[in-house]
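Computation of the quantities below employed the complete heavy-atom set of this structure, encompassing side-chain atoms and omitting hydrogens, waters and symmetry-equivalent molecules. Values in this document were obtained by computation on a predicted structure and should not be read as measured data.
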Amino acid sequence: MTQSVLVTGSNSGFGYLIANTLVRQGYKVIGTMRDPQGRNASIANEMKANGIIVIDIDVTDDSSVANGIALAIESVGDIDVIINNAGVGTLGWQESFNIDDFQKVFDINVFGVQRITRAILPHMKQRGSGTLIQISSILGQFVLPFLGSYNATKHAVEGLAENYRVELSQFGIQSLIVQPGGFGTDFGANLLRSSDSSVTESYGEFATAPETMWAGTEAGHDADNAPDPQMVADAILTLLQTPATQRPFRTTVDGTGLNQTIETVNRATEAAMQHIYALYDMEHLLTLKQ
C-alpha cells in the first residue's frame, strides 16, 4: 500500500531532495513551504509537476500549521509519515544572541516541530499507526563553536524525539531521529546572525572568528570531494523501506568521516536508555507496539 509522507521545509536543501526522492519511489508526498504562490512559486510549480502536493505551512504559526495539516489529510486521506525538516542555522558568538534571537530560532527549529507533531498526532492515534522522523543533526550530540543557538535547538529536538518515542510507542506511533552532518546545501545562505553587535565587538581581535570559521566550512562544502546531500534523502528512503521493528532510533548521515564517532555515542546512549528503562520496568516503552 502506498504510504503518504509529509515533508516540511521542502522548498530547498534536504527537504527538497527528500520530497523528490520519495515521490520518484512511488510515495504520495506532501511538500510544505512558506509562500508557494509568491517567492517560492517557481520551486512549488516544479514540485507539483513532479507529482508532489504542495501546501503552504509556516511552522511558526499555529493557525497555518493546523490548517495546513487539515488540508494535507483532506488531500490524501491518511498521512503515514511526518518528516520534520524545516529549520534554520545560526552563526555568531553565543553571548551575542539576545533572547529575541533565541526565541526566533527556537520558534522554527523546536516549537515548529512541536506544532507539526501536535497537529498530526490525533490523526495518527486514531489510526493506531504512524511515523515521526525528526531531522536533527550530528550537532544534536555534540557542539561546535559559533553555532551555539543552533546546537541548542538540535539538542532540544533530540529530547523531544526521545520523549515521543516512549510516550507513543504503545499507540503504534514510531519516533525516529536522522542526524545529518555537514553538507553543501543553501543552509549557509540563510544563517541567522546575532543582534547584539556590541557583545561581538567585545571579543576584540577574535570578533570575526565565527565568519572566518564559516568561510572555511563553506569552502569545504564546495570542494570537488564534498559529500553529496542526496545521501540524506537516500537514508530517509532506506529507513522507510526498512520494517518498522528493524529501524534504528537514530540514523547518522555524514560524509566527512564522523559517522563512526557519532554512532559510538548513539549506541552508548541507547544502551543507557535500555538499562535505565529496565530498572524502572518500562523497557517495553522502547519497543514499538504493532
Side-chain angles (χ1 to χ4, degrees), residues 3 5-27 29-33 43 46-47 50 52 59 80-90 108-110 112-113 116-117 131-142 144 147 150-151 153-155 157-158 160-161 174-191 214 217-218 220-242 246-263 265-266:
Q3 286 195 310
V5 183
L6 184 145
V7 185
T8 67
S10 64
N11 55 297
S12 63
F14 296 142
Y16 174 83
L17 294 173
I18 292 165
N20 281 283
T21 296
L22 295 182
V23 79
R24 288 195 298 268
Q25 293 297 318
Y27 290 85
V29 178
I30 305 103
T32 80
M33 64 185 71
I43 197 72
E46 175 197 324
M47 294 177 76
N50 292 340
I52 297 168
V59 299
D80 301 290
V81 181
I82 290 284
I83 301 177
N84 276 309
N85 165 78
V88 65
T90 65
I108 299 169
N109 291 6
V110 182
V113 169
I116 292 287
T117 304
T131 302
L132 307 171
I133 299 178
Q134 316 298 354
I135 305 300
S136 177
S137 168
I138 60 173
L139 297 178
Q141 286 288 36
F142 71 101
L144 287 176
L147 307 175
Y150 176 77
N151 295 334
T153 64
K154 291 307 180 180
H155 278 70
V157 164
E158 299 246 343
L160 284 176
Q174 188 169 48
S175 173
L176 304 171
I177 293 171
V178 173
Q179 300 169 315
F183 289 94
T185 65
D186 57 356
F187 178 85
N190 300 309
L191 292 173
W214 190 254
T217 299
E218 290 284 73
H221 290 165
D222 293 337
D224 291 339
N225 62 345
D228 186 348
Q230 179 63 36
M231 291 170 60
V232 176
D234 292 342
I236 295 283
L237 176 62
T238 298
L239 204 54
L240 293 181
Q241 291 176 334
T242 301
Q246 297 176 28
R247 295 169 181 164
F249 174 56
R250 285 183 171 89
T251 298
T252 307
V253 189
D254 180 75
T256 65
L258 292 177
N259 263 43
Q260 184 174 350
T261 301
I262 301 301
E263 287 171 2
V265 176
N266 288 343

**Q** Nearest 0.5 angstrom please: Asn20 CG to Gln25 CD, how far?
**A**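 Interatomic distance, Asn20 CG to Gln25 CD, rounded to 0.5 Å: 12.0 Å.
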**Q** With distance as the sole test, does Thr8 use its side chain to make a donor-acceptor pair with the main-chain N or O of Thr32 at under 3.5 Å?
**A**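 Answer holds: no.
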**Q** Looking at CG of Leu139 and CG of Leu147, how far apart are the two atoms once the value is rounded to the nearest 0.5 Å?
**A**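 Nearest 0.5 Å value for the CG-CG distance: 6.0 Å.
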**Q** With sequence neighbours excluded, tell me which residues meet ring pair (Phe, Tyr, Trp, His ring centres under 6.0 Å) with Tyr150.
**A**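 Phe187.
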**Q** Do Thr117 and Leu160 come within less than 4.5 Å of each other through their side chains, counting heavy atoms only?
**A**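 Thr117 vs Leu160: side chains apart.
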**Q** Given side chains that start at C-beta, do those of Ile52 and Ser10 come closer than 4.5 Å, heavy atoms only?
**A**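 SC-SC contact between Ile52 and Ser10 ruled out.
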**Q** Look up atom CD1 in Ile133 and atom CD1 in Ile82, then write down how far apart they are to the nearest 0.5 Å.
**A**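 It comes to 10.0 Å.
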**Q** Closer than 3.5 angstrom, by distance alone: can the side chain of Asp234 be matched with the main-chain N or O of Leu237 as a donor-acceptor pair?
**A**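 Not a single qualifying donor-acceptor pair exists.
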**Q** Could you walk me through whether Val232 and Leu17 pass the side chain to side chain contact (heavy atoms under 4.5 Å, CB included) check?
**A** CA-CA 8 Å; Val232 176; Leu17 294 173; over 6 Å; no
**Q** Using modelled atom types only, decide if a donor and an acceptor are shared between the side chain of Asn259 and the backbone of Asp254 within a distance under 3.5 Å.
**A**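 Judged by distance alone, yes, a pair lies under 3.5 Å.
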**Q** Do you know which two heavy atoms are closest between Pro227 and Thr256, and how far apart they sit?
**A**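 So the minimum-distance heavy-atom pair works out to CG-CG2, 4.2 Å.
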**Q** Considering only heavy atoms from C-beta outward, does the side chain of Pro248 approach that of Leu239 to under 4.5 Å?
**A**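 Heavy-atom side-chain distance check passes, below 4.5 Å.
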**Q** What are the two closest heavy atoms between His155 and Phe142, and how far apart are they?
**A**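 Closest heavy-atom pair between His155 and Phe142: CE1-O, 3.4 Å.
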**Q** Main chain of Val178, side chain of Thr251: is a donor-acceptor contact present, judged purely on distance under 3.5 Å?
**A**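 Checking the backbone N and O of Val178 against the side chain of Thr251, no donor-acceptor pair under 3.5 Å is found.
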**Q** On a heavy-atom basis, which atom in Leu144 and which in Asn151 lie closest, and how many Å separate them?
**A**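 Closest heavy-atom pair between Leu144 and Asn151: O-ND2, 3.0 Å.
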**Q** Keeping Lys154 on the side-chain end and Gln141 on the backbone end, is there a donor-acceptor pair under 3.5 Å?
**A**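 Looks like no, no N/O pair under 3.5 Å.
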**Q** Do the side chains of Tyr27 and Leu240 get nearer than 4.5 Å, heavy atoms only?
**A**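 A side-chain contact under 4.5 Å exists here.
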**Q** Keeping the roles fixed (side chain from Arg250, backbone from Ile177), state whether a donor-acceptor pair exists under 3.5 Å.
**A**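 Checking the backbone N and O of Ile177 against the side chain of Arg250, no donor-acceptor pair under 3.5 Å is found.
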**Q** So which atom in Gly140 and which in Ser136 form the shortest heavy-atom distance, rounded to 0.1 Å?
**A**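 Gly140 and Ser136 have their closest heavy atoms at CA-OG, 4.1 Å.
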**Q** To the nearest 0.5 Å, tell me how far Gln241 CD sits from Ile236 CD1.
**A**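 Answer for the CD-CD1 pair, Gln241 versus Ile236, is 12.0 Å.
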**Q** Name all residues meeting the salt bridge (charged side-chain N to carboxylate O under 4.0 Å, His left out) criterion together with Asp80; count only those two or more places apart in sequence or in a different chain, and write none if there are none.
**A**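 Partners of Asp80 under the salt bridge (charged side-chain N to carboxylate O under 4.0 Å, His left out) test: Arg127.
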**Q** So which atom in Phe183 and which in Asp228 form the shortest heavy-atom distance, rounded to 0.1 Å?
**A**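 The answer is CE2-O, 3.4 Å.
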**Q** Kindly check if the number of other-residue, nucleotide or ligand heavy atoms within 6.0 Å of CD (Gln260) is above 12?
**A**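 Atom CD in Gln260 is not crowded, with 12 or fewer foreign heavy atoms closer than 6.0 Å.
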**Q** With a 4.5 Å heavy-atom cut-off, do Asn266 and Gln179 have their side chains touching?
**A**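 SC-SC contact between Asn266 and Gln179 confirmed.
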**Q** Hey, are the side chains of Ile135 and Ile83 touching, using non-hydrogen atoms and a 4.5 Å cut-off?
**A**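 Ile135 vs Ile83: side chains touch.
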**Q** What closest approach, in Å, do Val113 and Gln134 show between heavy atoms, and which atom pair accounts for it?
**A**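 So the minimum-distance heavy-atom pair works out to CG1-OE1, 3.4 Å.
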**Q** Would you confirm whether Asn109, through its side chain, and Val88, through its main-chain N or O, come within 3.5 Å as a donor-acceptor pair?
**A**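 Yes, because the side chain of Asn109 sits within donor-acceptor range (under 3.5 Å) of the backbone of Val88.
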**Q** Report yes or no: does Asn85 contribute a side-chain atom to a donor-acceptor pair with the main-chain N or O of Gly9 at less than 3.5 Å?
**A**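 Checked: pair present.
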**Q** Would you please say whether a donor-acceptor pair under 3.5 Å links the side chains of Thr252 and Glu263?
**A**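 No.
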**Q** What is the distance from atom CG of Asn11 to atom OH of Tyr16, rounded to the nearest 0.5 Å?
**A**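 Asn11 CG to Tyr16 OH: 11.0 Å, rounded to 0.5 Å.
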